[in-house]
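As structure tokens, the structure follows; a few thoughts come after it.
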Amino acid sequence: MPVEYWLIFILIVMIIASIAALEMDDILSSIVAIGIVGLGVSLSFLFLQAPDLAIVQFLFEIFALIILVKAFLGKDYHKQAPSRINKILAGLTIITLTAIFIFSVSVFELLPPFGEPLMTTAQYYLDNGAKDTGAANLVSSIILDYRAYDTLGEITVLFTAILGAFTILRIKSKSKKENSELSNATK
Amino acid sequence: MQQNEGMTLIVKTVTRISVWMILLYGIYIIFHGHLTPGGGFAGGVIVALAFLNVLLAYGRKFTSDWLNIGFLHDLEAASATLFLVIGILGISMGGAFLANFLTKGELFALISAGTILPLNIVIGIKVGMSLFLVVWVLAGFKIEKGD
Amino acid sequence: MIVYLLCFILLLVGLYGVLTKRDLIKIILSIGILGYAVNLLLILFAYRNNSIYPILSKGKEISPMVDPLPQALVLTSIVIELGTTAMLVALAVKLFEKYNTFDITEIRRLKG
């Protein structure tokens, strides 16, 4: 069975799971459905010959599941019935997105067909990567030698995102304390 | 024995053995990043998951006794700086920013590929510490019901 | 070709969630779906027929390999996505603490 048929099967499962994740009422079911989508991506990476990415995506899935469950479960969460305006907006959005899809079919026809990439720069990396850097893993040689500057920027982004999370969780609790002090003072 | 914090005794006993195996696997993935699939990013997430295993099984108080959280903060910031230091060393020794100035070595040896191995270790520490700390902060965040 | 279009449908499903859902948790999950779709689309462009993963190993004859460049870009992108997801979750939890709801229309009404 060629790779393309496997990928079509996995992608259809992923689309169904993502629609289910968006439409289900229960939060735990939504998070589990997102897990199905992520594991489908990991499986597709294995079929597309990218074992590095399959490992990272699998771990990402576990980690995101832990974060989401730990943060969102147990909150007293109640869903309100969707209003009529909301339904009309959803219908309009579906029509717009369908139009985008129909018009973008011709754009995808311009791309090289599946299984035949252009590979102009990449062929140089494949031919000379082991000789230039001494690393057997050519993906590793690209991210840490040929394009290490990109990785530096990526580390900066990760650092900033994590610092942002720390700051968000810290600063407001301080203001809350001040608020309570203020309300105590007014009492 | 305190049973009210963390999970049951069975989970704690299994965790005591499994956490070292997960940690070892993460370190293996980091150190073999230039030979096999994996590398700093995957290994860092595995290291973070090992610490997270302790946090989930034993609870917050035991983990803050076992690990020095302030030191982990320092390690996270230091590893980001260390990446820059290796890059600047490349200017003075190799002629370009982040140049591969160490010896290339044999193709399939563990000590080879110049600066790729130290950079992998730095990225592994950075990713692992920052992801563990963000879950640490999120788990310690208690919602106080306003009056 | 049909694989690209299916992956594009997945991206549009994520966009639909971001545009129409009123629930902060659903919006975060939709951003996750968008990220998955974009990563998968980049890797789909990189596949070459009858070729293997771009890792050399001892005693294996040279054979055609898939494009390693999008793989290197996506590898970093996945980890950034994890950091941004953590930040969004922190933001949502903070908003829940302040307004006691996850509904964005409700939050807009309670502004201040």
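Order of the sequence lines sets the chain letters (A, B, ...), proteins ahead of strands, with each chain counted from 1.
Using a 4.5 Å cut-off between heavy atoms, A:L118 does not touch chain C at all. For A:F114, the parts sitting under 4.5 Å from any heavy atom of chain C are the backbone and the side chain alike. For chain C, the nearby part of A:L126 is the side chain; its heavy atoms alone come within less than 4.5 Å. Heavy-atom distances place no part of C:L11 under 4.5 Å from chain A, backbone and side chain included. For A:F159, no part lies near chain C; criterion is any non-hydrogen pair under 4.5 Å. Heavy atoms closer than 4.5 Å to chain C are found in the backbone of A:A21, but not in its side chain. For a residue to count as touching a neighbouring chain, one of its non-hydrogen atoms must lie under 4.5 Å from one of that chain's; by this rule A:V157 touches chain C with the side chain only.
A donor-acceptor pair is defined here as one N or O able to donate and one able to accept, closer than 3.5 Å; no such pair exists between the side chain of A:Q57 and the backbone of C:Y36. Remark: side-chain polar atoms of C:K26 are paired, donor with acceptor, to backbone N or O of A:M24 under 3.5 angstrom.
Inter-residue side-chain proximity for C:T85 and A:I67 is flagged as unmet; no heavy-atom pair is nearer than 4.5 Å. Counting heavy atoms from C-beta on, the side chains of C:T20 and A:L22 never come closer than 4.5 Å. In this structure, A:D52 and C:I55 have side chains that are in contact, with non-hydrogen atoms separated by less than 4.5 Å. In this structure, the side chains of C:L29 and A:S30 come closer than 4.5 Å at one or more pairs of heavy atoms. Counting heavy atoms from C-beta on, the side chains of C:L44 and A:L48 come closer than 4.5 Å. Using a 4.5 Å heavy-atom cutoff, the side chains of A:R147 and C:L69 are in contact.
Atom OH of A:Y146 sits in a crowded spot, with more than 12 heavy atoms from other residues, nucleotides or ligands closer than 6.0 Å. Open room surrounds OH on C:Y53; 12 or fewer heavy atoms of other groups in view lie less than 6.0 Å from it.
Your options are A:L68, A:I15, A:I162, A:I8, and the one with the most heavy-atom pairs under 4.5 Å with chain C is A:I15. Of the listed residues A:A165, A:A122, A:S140, A:P117, the one with more heavy-atom pairs under 4.5 angstrom with chain C than any other is A:P117. Comparing A:T160, A:I34, A:I12 by heavy-atom pairs within less than 4.5 Å of chain C, the highest count is held by A:I34. Between chain C and the options A:T96, A:L163, A:V139, heavy-atom pairs under 4.5 Å are most frequent for A:V139. Of the listed residues (C:G35, C:G83, C:A86, C:A92), the greatest number of heavy-atom pairs within a distance under 4.5 Å of chain A belongs to C:G83. Comparing C:T84, C:L88, C:D67, C:I28 by heavy-atom pairs within less than 4.5 Å of chain A, the highest count is held by C:D67. Options C:I33, C:V89, C:I43 differ in how many heavy-atom pairs under 4.5 Å they form with chain A, and the most are formed by C:I43. Each of A:V56, A:L7, A:V41 has some count of heavy-atom pairs under 4.5 Å with chain C, and the biggest count is that of A:V56. Contact tally against chain C (heavy-atom pairs below 4.5 Å) for A:T121, A:I94, A:L144, A:T98: the top residue is A:I94.
Taking all atoms of both residues into account, the shortest heavy-atom contact from C:K94 to A:I168 is CE-O, 3.2 Å. The two residues C:A90 and A:L169 make their nearest non-hydrogen contact at CB-CG, 3.9 Å.
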- Do C:I2 and A:E4 pass the side chain to side chain contact (heavy atoms under 4.5 Å, CB included) test, and can you show the C-alpha distance, the side-chain angles, and the key distance before you say yes or no? CA-CA 9 Å; C:I2 188 158; A:E4 203 168 352; 4.1 Å; yes
With a 3.5 Å cut-off and sequence neighbours excluded, list the donor-acceptor pairs that the side chains of residues 103-113 of chain A form with protein atoms.
unit_1, atom_1, unit_2, atom_2, d
A:S104, OG, A:I100, O, 3.1
A:S104, OG, A:F101, O, 2.9
A:S106, OG, A:F103, O, 3.2

Side chains of residues 73-82 of chain C: which donor-acceptor partners sit under 3.5 Å, not counting sequence neighbours?
unit_1, atom_1, unit_2, atom_2, d
C:T76, OG1, C:L73, O, 2.8
C:S77, OG, C:N39, OD1, 3.1
C:E81, OE1, C:N39, ND2, 3.4

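Rounded to the nearest 0.5 Å, atoms CG (C:L10) and CD1 (A:I19) are 9.0 Å apart. In this structure, CD in A:Q49 is found 9.0 Å from CD in C:Q71, a value given to the nearest 0.5 Å.
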